[in-house]
Amino acid sequence: MQHACDNWFVAFFEGALVLLIMVRIVKSMRGSIPFIRRIPGLNAIDEAIGRATEMGKPILMIPGILGLDIVSLQALNVFTHVTRTAARFATPIRMCVCDATLYTISQEVIQDAYQAEGKPELYDPDSVRFLSDQQFAFAASVAGLIQREQVAATFFLGSFFAESLIFAEVANSVGAIQVAGTVMTTQTPFFIAACDYVIIGDEFYAASAYLSKEPVATGSLVGQDYAKLLLTFFIVLGSIIYTVTGYAGGPQVPLIHELFADGGWTALLHSIRHLF
Amino acid sequence: MHNWEIAQGNSIWLALAGVLLVTFIVIGLLTKLPVTLRRPLLSFLVFVSGLFYALEYFLPTHMVLDHGVQVPENFLTDLIPNIINPLAQDLSALLFGLGLFSLMRIHFNNVVRQRSGWVNSLALLISTLSMMVFGFWSRANLHHPRWVDQVYHHLFDGVYQNMDAAMFSLIAFFILSASYRAFRIRSFEASILMTSALIVLLGLSFGGVITDKVPDYGLWSNFRIETWSSWILNIISSPGLRAIDFGVGLGGLAMGLRIWLGIEKGALFGD
Amino acid sequence: MNNTTNNEMPLLEKLQKIDRRILYLILIIVIAIPTIWPINIPNAPLPMSRDLWNTINATPPNKIVLLSSTWTKNTRGENQGQMEAILNQLMSRHIRFAISTFDPRGSQVALNLVNSVAKKYGYVYGKNWVDFGYQPNGVNYVKGISVDLIQTVKRDAVLKKPLQDLPVMKGIRNADNIQIVVEISASSSQYYWIQFLKPGVKVGFACTSVMAPEAIPYYTSHQLAGILWGAKGAYDYEQLNVEHHTGDWGSGRQYMGPLSAAFGLVILSIFVGNLAMFLSRKRTRQ
């Protein structure tokens, strides 16, 4: 395990970020609720469910292929909202899960969603399925399910790897409307190419705040933005220090340092001539 | 450092019996708990679990001899590999059994009731059971005939590994259909995207054919496609990816904080 | 509208919506042709490939190279060529090396490959190379070998002998005696090394094309000494080996032809789709 005493700067920096986030949460809880810009992917949820209801086909939700973690919990938050909307219109749902721990939690979450909407009788335990914990076995299983059931809307939210394009393309081939969101930067391009709406990067974590407009979540979102400002300050500071002093000791010679050394300008002109 | 040992001989049965007894008592008490106390209990357990890791991170450490190696530890560090990790693994194994049971139940019902596509369900049941039987028979320390190893080898290396690779290879086809369908230049930003994607793609494939005659030294190397491609990746794309990673990291930190402190509202945490 | 324009419109619409099955068939043909009749694509190695090659090439006799081979048969198209090229360089330069893995399936795959390449160079297990085996707890393993490799690994995975008894491990005690750790993988397992390995020990990453963009920030910040970018990376490495007589061509060059053809088809299909879209819009406005 890493410890704070391995690098105190990191520990204090983390503390500063936590403080920024907590201060904004407290401010929001006291009534100062900030504005969140429109996120198209989340606005499309109702449209997608409406389409599925018209067609009489189910909607498919996949909370990623990793186990129970922050990302999958956030995905379940969004899926609760999706399920409640689907319950309102009696649209059938399918939820495919790749991890057994997440499977049991997903069942509870979906059942609670139906109960919260006052439609417990619509809940079907078989609508939440554990398919496989192996990546491509899961992908094959989901692809087969999409084709057999001709799903009308799909929601891919969570951590995905190479199987993301398999899901998205197969769903596209059956004409499903697709909303995807992942924190994996390597998979975002595949979703952008294949899906109708994509939630990128930290928009994924903004989803619960956007959907619920809940003070703690929105305050936390603003706190994150302040934390990003703090990060940006340190990045700019670090860049200036490195450029001027070459502190990090990398192979590049700091330009300003060299220019102000003896014969610096002459050396620069010489190297330009040498290029040709 | 503590010396955690697995119970040996007859005491292992006693330990198992004790664990089962405690489990039933705990589950019984939890079911008797009033509904209004369940969420506060959940929040309390989450807070204590998170507090453990926070304390383990911040508490001072001292050097300890661990399996012949000096490592920095505090009094909580040793609990992670010896208590927490095995507990998590046991829970995962138990829940995996639950997931497997659910899967088998659904497909067994499909076969018995001859629902549409029941043949696929039959295939799943047969392949799952055969893999389980031959897997355990071959890999467990049981006396078995040689053909069992051969069957297992054929099923795993011959069938499963190659089907896995085949599924992975499907992505090549899907990339073609997705890029053909999706990459339409409908705006200025899309044209920038297409140009940079084209340069990077050429730089990683046959761009060498196009700029093969251009020298790869001095100022002339700046006119090679590989150089443009590297420049786009290192100077343009990489900072963007870093920025997204920063945002994602902060989002994860904020959500973790909310869950730990019990102020998160959502799926498992109440409205 | 004249007759010519009437005929062009459906064609333009068809070109924008080619059936995906036709595209797949074209792709199969386009990949099959250069596979059966190989073509050699001219190549200039990327700087990140050169850096990795140079770092491994600079290994002194008192150090070893550690190959963390976490790939499986899924990604053999890219990772196998990379590992083979690296092994060729190591063995032709008589550099001692060790292999280990974070994936239980990767262990046998790596062992088979090393054994097949070792036959060419007369490399002997235990004397020139060693297998540390599957390491289930990545964090503890990396932290452990930073301090004491012998105590962390204890025995090799093939002969089950104490490491200190093997001639290949003579003078090797911890990460200070490792020139570079090269993670060959299709996942994000390079983070184990970047985060937990003793600072100052170099780390390289040979990965699939999808994982490479994620790794580039670490290369530009010098946390990674070099990156092999998928099949191109394998080709780059083979080219550097051939230029410096430390190896021969392999699957990297072999796969570059079909890969380039597939990329060409992707570019062509995008071009055709966009051209049809522009012409269709132009006709509609007219």
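All values reported here derive from a predicted model rather than from experimental measurement. Residue numbers start from 1 in every chain, and the chains themselves are labelled A, B, ... in the order their sequence lines are given, proteins ahead of strands.
A distance of 13.0 Å separates CZ in B:R242 from CG in A:L231, rounded to the nearest 0.5 Å. Atom OG in A:S220 sits 7.5 Å away from atom CG in B:L257 (nearest 0.5 Å). B:F246 contributes atom CZ, which lies 12.5 Å from atom CG of A:D202 (distance to the nearest 0.5 angstrom). A:L221 contributes atom CG, which lies 12.5 Å from atom CE of B:M255 (distance to the nearest 0.5 angstrom).
Among the candidates A:I192, A:V71, A:N172, A:V183, the residue making the largest number of heavy-atom pairs closer than 4.5 Å to chain B is A:N172. Ranking A:L165, A:I21, A:T185 against chain B, the residue ahead of the rest is A:L165, based on heavy-atom pairs under 4.5 Å. Per-residue counts of heavy-atom pairs under 4.5 Å with chain A were compared for B:L95, B:D245, B:L98, B:L91; the largest is that of B:L95. Of the residues considered (B:F168, B:Y160, B:F183), B:F168 shows the highest number of contacts with chain A, using heavy-atom pairs under 4.5 Å. Each of B:V248, B:I244, B:L59, B:L100 has some count of heavy-atom pairs under 4.5 Å with chain A, and the biggest count is that of B:V248. Interface remark: of the candidates B:A165, B:G117, B:S177, B:S177 forms the most heavy-atom pairs closer than 4.5 Å to chain A. Interface remark: of the candidates B:N120, B:N74, B:I263, B:I263 forms the most heavy-atom pairs closer than 4.5 Å to chain A. With respect to chain B, the highest number of heavy-atom pairs below 4.5 Å among A:Q134, A:M29, A:Q107 belongs to A:Q134. For the set A:A137, A:A100, A:G67, A:A143, the count of heavy-atom pairs under 4.5 angstrom toward chain B peaks at A:A100. Contact tally against chain A (heavy-atom pairs below 4.5 Å) for B:A178, B:A182, B:G249, B:S116: the top residue is B:A178. The greatest number of non-hydrogen atom pairs below 4.5 Å with chain B, out of A:S173, A:A113, A:A4, A:G144, is found for A:A4.
The shortest side-chain heavy-atom distance between A:I70 and B:I259 falls under the 4.5 Å cut-off. The shortest distance between side-chain heavy atoms of B:I175 and A:E169 does not fall below 4.5 Å.
Checked for salt-bridge contact, A:E214 and B:R258 miss the test: no charged N lies under 4.0 Å from a carboxylate O.
By the 6.0 Å contact criterion, NZ on A:K228 is enclosed, its count of non-hydrogen atoms from other residues, nucleotides or ligands being greater than 12. Within a 6.0 Å radius of CZ in B:F58, other residues, nucleotides and ligands contribute more than 12 heavy atoms. Enclosure of atom CZ in B:F52 by more than 12 non-hydrogen atoms of other residues, nucleotides or ligands within 6.0 angstrom is indicated. Around the CZ atom of A:F234, the shell of radius 6.0 Å holds more than 12 heavy atoms that belong to other residues, nucleotides or ligands.
Heavy atoms closer than 4.5 Å to chain B are found in the side chain of A:I200, but not in its backbone. Interface remark: A:D99 contributes no atoms to any contact with chain B (heavy atom separation under 4.5 Å). Interface residue A:I235: only side-chain heavy atoms are found under 4.5 Å from chain B. Interface remark: B:S179 contributes no atoms to any contact with chain A (heavy atom separation under 4.5 Å).
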Point to revise | Chi angles and distances behind the side chain to side chain donor-acceptor pair (under 3.5 Å) call for B:D164, A:Q135 | key: CA-CA 9 Å; B:D164 219 33; A:Q135 183 184 17; over 6 Å; no

**Study point:** side chain to side chain contact (heavy atoms under 4.5 Å, CB included) assessment of B:E264 paired with A:V216
**Key:** CA-CA 7 Å; B:E264 168 73 358; A:V216 169; 5.6 Å; no

Exercise for review: Please assess A:E163 against B:I171 for the test side chain to side chain contact (heavy atoms under 4.5 Å, CB included), listing each intermediate value before the final yes or no.
Suggested key: CA-CA 8 Å; A:E163 75 290 342; B:I171 295 169; over 6 Å; no

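Of all heavy-atom pairs spanning B:L103 and A:F130, the tightest one is CD1-O, 3.0 Å. Scanning both residues, B:L250 and A:A227, for their nearest heavy atoms gives CD2-CB, 3.7 Å. Listed here is the closest heavy atom pair of B:A254 and A:Q224: CB-NE2, 3.5 Å. Listed here is the closest heavy atom pair of A:Y103 and B:S102: OH-OG, 2.6 Å. In terms of heavy atoms, B:S92 sits closest to A:T101 at OG-OG1, 4.3 Å.
Residues A:F190 and B:F174 place their aromatic rings such that the two centres sit no closer than 6.0 Å.
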